[in-house]
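Here's the structure we're looking at; comments come further down.
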Amino acid sequence: MKKTLALLSILLWVYACDYERETSVELTQKEAQSRNELDDLIWSTMKTKGEFNWNLQSTQVVWSALQQSDQVLSVGFKPADYAGDLKETIHTIDIQENAWKNARKAVLDLILKEERKAKPSLNLEELIAFEEEILPVLDVRVTQLSTIEALRKSPLVRYAEPMGYEPALNTAKSSSGCGGYTEDFGLQLGSDYTNLSPNAKASWNHSFHNIAGAWTKTTGSGVKIMIIDTGISPNQDNLGSQFNQGSSSGRTVEKLATLREWQLFGTGPLESPNDDCGHGTAMSGVSTAPRGTDGNAAGIAYNAGLVGVRAASDVYLDASREVKGVSDAYTLAGNRSDIKITSMSLGRITSSSQMSDAIRYAYNKGKLIFCAGGTSFGFTAGFVGVIFPATMSEVVAVTGIKDNGSRCEACHDGSQIDFVVVMERSSNGDHPITTAMSGNQPGTVGGSSVATAQTAGIAALVWSRFPSYTRDQVLNKLTTSGSFYPSKSGSFGWGVIDANLATN
């Protein structure tokens, strides 16, 4: 009987301990702010300040965002005695040097120490979410509020912020900007396009930018553009085996992937350059599709080379793996001397210090970086300000307007915008033509996305015309050809670029 009572007492004690632990965990989780509370904070901050910087938020907010997402924390590190300005020097850093290696190890040790308070068996493999080879950044899975507090106190830490939290996360939004990039057999000659020799189509909006005049002097040859987007469809041969045809020759197309995905069957990550969305295919077509013989849409820089990078699943960068994919794409561009221009028609509402690091890495190596100002889908309803990273000073921000000069129906604008592209008819809402996911009949695409890719194509025409120019000289050519130059609009930047004037 005594043994039975003793056993019962032990069981009750174990149950009580387990209950206490579960209750403690539950109470701890309840301390985290809800998605609605976090989203309200983000939107209110955006409306009053125009940006949302995680580093200016409380530790509680950062931790709450981790709990409400995938718990991946981006941690920028540096040696405690580093006196340089990383905005200016990040492209010169070697994280394999002892000072940087020691700083990395010390930060990891700090994180492990705090996280092991809740999980003593935690090891490095479980802690690290993504490996980093270039930037002084750690991507780690963090569950403890104390870890973030300790990191923020450390002289080795530049920032500690959630990678994968964005407002209004829902299944409807997860495919933003995807679908519908199919052939449009209702396009009309003289209205939607004009014919080009040998047998290609020029979009109706080219005339607003004097593209035909620029083509008498340059076609983009000798310049390579990186399109950072959702990849390129393997079924569109104009961006594959038929990239060189007709008036397009002597150039290359590469299809790369930086987006990490897990195999359905297997044990490791799978990186595929194939476009499941359609957006990346459309952007690649706008800027570099061939002036060919098969009747498809011609890109603006139809003799420029193309590097298409699949860095995201859709246009809204709301996942840690997409932030990492975009960051890797920019460091890749920075390390390739043959790439002069990058174009990205993707973005997010909150800032990302890791993406900022990567963009500055590429910028400091002389790349001309174009980003979309933003296009409203369900997740940005009621907000039309410029989105990140187009808000960065290192970025050339682009948006779209109608043929009557007003903002396009879904395009964002603001003081950070540098240029606009005419890409929507006020009469019927028609958009420019581009390559579809497959076939030789063009489709159409709108938003600030197409405006950005088209501007990158115009920049390639200018750089091809003046191959010895620096990035800043090319940008000056674009600026001085703008319809508002020498004044700058508070919403539309320097205005509509005249490609013919810019290539004089």
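The basis for the numbers below is simple: all heavy atoms, side chains too, and nothing from hydrogens, waters or symmetry mates.
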With side chain to side chain contact (heavy atoms under 4.5 Å, CB included) as the test, would you mind laying out the steps for Lys47 and Ser44 before giving the verdict? CA-CA 5 Å; Lys47 288 174 182 177; Ser44 63; 5.8 Å; no
Do you know which two heavy atoms are closest between Cys411 and Gly447, and how far apart they sit? SG-C, 3.7 Å
When rounded to the nearest 0.5 angstrom, what is the spacing between NZ in Lys324 and CG in Leu317? 14.5 Å
Quick check: does any side chain N or O of Asp184 sit under 3.5 Å from a backbone N or O of Pro442, one acting as donor and the other as acceptor? no
Thr293 side chain to Asn199 side chain, donor-acceptor N/O pair below 3.5 angstrom: no
Would you say the side chains of Thr219 and Asn303 form a donor-acceptor pair under 3.5 Å? yes
Any side-chain heavy atom of Val496 within less than 4.5 Å of one from Ile401? yes
Side-chain donor/acceptor of Gln454 to backbone N/O of Val450, under 3.5 Å: no
Donor-acceptor under 3.5 Å (Trp204 side chain, His431 main chain): yes
Decide whether Lys477 and Asn504 meet the rule of one side-chain donor and one side-chain acceptor closer than 3.5 Å. no
Heavy-atom closest contact (Cys371 atom, Val395 atom, distance): CB-CG1, 3.4 Å
Answer yes or no: are there more than 12 heavy-atom neighbours, outside Gln473 itself, under 6.0 Å from its atom CD? yes
Taking the side chain as C-beta and beyond, is there a heavy-atom pair between Asp418 and Phe370 under 4.5 Å? no
Any donor and acceptor pair, going by atom type alone, linking the side chain of Ser233 with main-chain N or O of Met437 inside 3.5 Å? yes
Worked check of side chain to side chain contact (heavy atoms under 4.5 Å, CB included) between Phe419 and Ile458: CA-CA 12 Å; Phe419 300 106; Ile458 295 174; over 6 Å; no
Is it true that the side chains of Glu394 and Asn364 contain a donor and an acceptor less than 3.5 Å apart? no
With heavy-atom distances below 4.5 Å as the criterion, would you say the side chains of Met344 and Val326 are in contact? yes
List the steps, then state whether side chain to side chain contact (heavy atoms under 4.5 Å, CB included) holds for Ile300 with Leu461. CA-CA 8 Å; Ile300 286 180; Leu461 295 180; 3.7 Å; yes
Measuring only between side-chain heavy atoms, which start at C-beta, is His279 closer than 4.5 Å to Tyr181? yes
Which heavy atom in Asp70 sits nearest to a heavy atom in Ser320, and how many Å separate them? OD2-OG, 2.7 Å
What pair of heavy atoms forms the shortest contact from Ala289 to Ala297, and how long is it? CB-O, 3.4 Å
Compute whether any side-chain donor of one residue and acceptor of the other, for Asp294 and Gln245, lie under 3.5 angstrom apart. yes
Without hydrogens or angle criteria, can the side chains of Asn238 and Gln236 be said to hold a donor-acceptor pair below 3.5 Å? yes
Any side-chain donor paired with an acceptor under 3.5 Å for Thr503 and Thr218? no
Ignoring hydrogens, what is the shortest heavy-atom contact between Arg291 and Ser248? Give both atom names and the distance. N-OG, 2.9 Å
Return yes if some donor-acceptor pair links the side-chain N/O of Arg310 with the main-chain N/O of Asn274 below 3.5 Å, else return no. yes
Going by distance alone, is a donor N or O of one side chain under 3.5 Å from an acceptor N or O of the other, for Asp275 and Thr230? yes
Kindly assign one of parallel, tilted or perpendicular to the pair Tyr302 and Trp215, based on the angle between their ring planes and the thresholds 30° and 60°. perpendicular
Distance, nearest 0.5 Å, that separates CE of Met355 from CG of Leu346: 8.0 Å
Separation between OG1 of Thr331 and CZ of Arg336, rounded to the nearest 0.5 Å: 12.0 Å
Can you tell me if Glu424 and Asn205 form a side-chain donor-acceptor pair at under 3.5 Å? no
Student check: side-chain heavy atoms of Leu187 and Ile433 closer than 4.5 Å: yes
Between the side chains of Asn500 and Asp498, is a donor N or O closer than 3.5 angstrom to an acceptor N or O? no
Give a yes or no on whether a salt bridge exists between Asp192 and Arg425, defined as a side-chain N under 4.0 angstrom from a carboxylate O. yes
Under 3.5 Å: donor-acceptor pair, side chain of Ser356, backbone of Ser352: yes
What I'd like to find out is whether the side chain of Ile227 reaches to under 4.5 Å of the side chain of Val307, using heavy atoms alone. no
Verify the ring-centre separation between Trp100 and Tyr82: is it less than 6.0 angstrom? yes
Assess the side chains of Thr375 and His412: does a donor N or O sit below 3.5 Å from an acceptor N or O? no
Which salt bridge (charged side-chain N to carboxylate O under 4.0 Å, His left out) pairs, counting each pair once, include a residue from residues 202-227, with sequence neighbours left out? Lys224-Glu254, Lys224-Asp338
Any donor-acceptor pair under 3.5 Å linking the side chain of Ser191 with the backbone of Gln188? no
Verify the distance criterion only: is there a donor paired with an acceptor across the side chains of Arg321 and Ser313 at less than 3.5 Å? yes
Donor on one side chain, acceptor on other, Glu271 and Thr258, under 3.5 Å: no
Taking the six-membered ring for Trp, are Phe466 and Tyr469 parallel (under 30°), tilted (30 to 60°) or perpendicular (over 60°)? parallel
Start with the C-alpha distance between Met283 and Ser449, add both sets of side-chain angles, then the distance that settles side chain to side chain contact (heavy atoms under 4.5 Å, CB included), and finish with yes or no. CA-CA 7 Å; Met283 296 307 108; Ser449 293; 3.7 Å; yes
Dump the intermediate steps for salt bridge (Lys or Arg N to Asp or Glu O under 4.0 Å) on Glu409 and Lys402, then the final yes or no. CA-CA 8 Å; Glu409 203 65 38; Lys402 297 180 181 180; 3.0 Å; yes
Can you confirm if the NZ or CZ of Arg471 lies within 45° of the ring axis of Trp463 and under 6.0 Å from the centre of its six-membered ring? no
Spell out, as yes or no, whether a donor-acceptor pair under 3.5 Å connects the side chain of Lys367 to the backbone of Ile339. yes
Restricting to non-hydrogen atoms, name the atom on Leu135 and the atom on Ile90 that form the minimum distance, rounded to 0.1 Å. CD2-CD1, 4.1 Å
Would you kindly say whether Asn335 and Tyr361 are connected by a side-chain donor-acceptor distance under 3.5 Å? yes
pair Met392-Ser351: side-chain heavy atoms closer than 4.5 Å: no
To the nearest 0.5 Å, atom OG of Ser491 lies from atom CG of Asp413 at 4.5 Å
Kindly determine whether Asp403 and Ser426 satisfy side chain to side chain donor-acceptor pair (under 3.5 Å), including the steps that lead there. CA-CA 6 Å; Asp403 53 7; Ser426 56; 2.9 Å; yes
Within 45 degrees of the ring normal and closer than 6.0 Å to the centroid, is that where the cationic atom of Arg158 sits relative to Phe77? no
Taking the side chain from Ser448 and the backbone from Thr399, do they hold a donor-acceptor pair closer than 3.5 Å? no
With the side chain counted from C-beta on, respond yes when Leu138 and Glu132 share a heavy-atom pair under 4.5 Å apart, and no when they do not. no
Any luck finding a side-chain donor-acceptor pair between Thr350 and Glu166 under 3.5 Å? yes
With no hydrogens and no angle check, is any side-chain donor or acceptor of Thr281 less than 3.5 Å from a backbone partner on Ile232? no
